[in-house]
K.L.:
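Got a structure here, written out as structure tokens. Questions coming.
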Amino acid sequence: MKLVLKYGGTSISSAKDIQNMAKHIQSLSKQNQLVIVCSAISDTTDDLIEISQSIKNENKKKAKELAKKISNRHLQLAKQSIKDSPIRKKLLETFNQYFSELVALIDGMVLLGEVTPRSMDYLFSFGERLSIQLISAAIIDLGKKSTALTGKEAGIVTDSNFGESKPLMDTTKLRVSKTLDSLFSKRIIPVVGGFAGADQHGHVTTFGRGGSDYSATIIGSCIKADEIWLMSDVEGLMTADPKIVKNAKLLKEVSYIEAIEMAMFGAKQIHPRTFEPLLAKKIPMHIRSSFNVKNEGTLVTSSPSASVKNTVKCVSNVSHNGLIDIRGGSMVGNPGTAGKIFTTLANVGINVMMISQNPSESSITIVVKNADLDRAVNTLELELLGKIIKKLEVTTDMAIIALI
Ligand code: ASP
Ligand code: MG
């Protein structure tokens, strides 16, 4: 079986977990062709984001301290996880090269006083550049052949929308399948960095927070994987957020559509685009815990079995929203009213999360994030009050409850 295994940051954050993971990979590799996709080690991406903020605030000292913290974390894990001394030595050398590069990058950004989306993506990609070296070394430490590849090196080509890029799938497919097939034929296990790729000019781009899930499904679709496993610190998708509902249960099987809804609202954060590459190829995905590999977790499939098809799977919620009830008699039977309201909000970059219109058409109710609420109300008042809108009624701090 061709398998893409994606590991989240918390699954690779201690030497013991890294060694267990390598053993699991070693045993799976006997019967399967594997591609490993890794996130950055826990907290690393957060630290890199804080570095960019420190640079913006001209706090070079803080930026350097954070770089040191990242460096110490990785050096310590390398020393604890890798038994073979030549492999460990090589890893430490690679790490030290990367840390010098990171420090040089910080100096450069401070000097220019410039934190652009492009330079940020390059900075943020360091987390995965480091983690893949460590994981690949841990696999080699067990006597297996492995190589570390960044998303760019694996062949993921994206548009130039830094911070929120999308893959150019035709080119990506050609490049990724070529790179990985050649490694498969040499029985080398590729460890690919999630989260990032590069645009057509070779500039590093990222998919946005949590983007490693998306990297895994992009790669899975390129190589026509039989299955994709998202390994993380949760057992799978649950019937509710276990932090809120104590007796929430694990779901054995859900459809893609249900999983997409749960990814948006649920306790397990999954990058919202993750399922896109799977839809056409209908590749099954398993969401599993790396700490409890005996448990099979949740299967996400295009064709759920009949017994689970017609049941409610999950109750989920999104808190901290504002509700705006927009009213006006002249909205009734007036084509384009909704269009005007949404265009007005879109023009100031406000995202509407939920919409309903009552049958008389005299009121449209929308939900936006609490943080956008004041701006949304101001904009609507300024642009449309007294015209198509007669009255706005606002309720703060609403939760959206969804039955999936
Ligand atoms: N390291 C990135 C993040 O923390 C991507 C990922 O973990 O999926 O957002
Ligand atoms: Mg993550």
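Whatever order the structure lists them in is the order used to number ligands and atoms, beginning at 1.
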K.L.:
With a 4.0 Å cut-off, would you call Lys166 and Asp199 a salt bridge?
P.N.:
no

K.L.:
Parallel, tilted or perpendicular: which one describes the rings of Phe162 and His203, with boundaries at 30° and 60°?
P.N.:
tilted

K.L.:
Quick check: do Tyr214 and Pro277 have side-chain heavy atoms less than 4.5 Å from each other?
P.N.:
yes

K.L.:
Got an N/O contact under 3.5 Å between Thr45 and ligand 1?
P.N.:
yes

K.L.:
If you measure every N or O of Gly210 against every N or O of ligand 1, does any of those distances drop under 3.5 Å?
P.N.:
yes

K.L.:
Would you mind listing which atoms of ligand 1 come within a distance below 4.0 Å of any non-hydrogen atom of Phe195?
P.N.:
2 (C), 5 (C)

K.L.:
Look at atom 5 (C) of ligand 1 and find which of Glu128, His271, Arg209 reaches it with the closest heavy atom.
P.N.:
Glu128

K.L.:
Partners of Asp372 by side chain to side chain contact (heavy atoms under 4.5 Å, CB included), sequence neighbours excluded?
P.N.:
Ile350, Val368, Lys369, Arg375

K.L.:
For the CG atom of Asp47 and the CZ atom of Phe126, what is their distance to the nearest 0.5 Å?
P.N.:
14.0 Å

K.L.:
Gly211 near ligand 1, heavy-atom distance under 4.0 Å?
P.N.:
yes

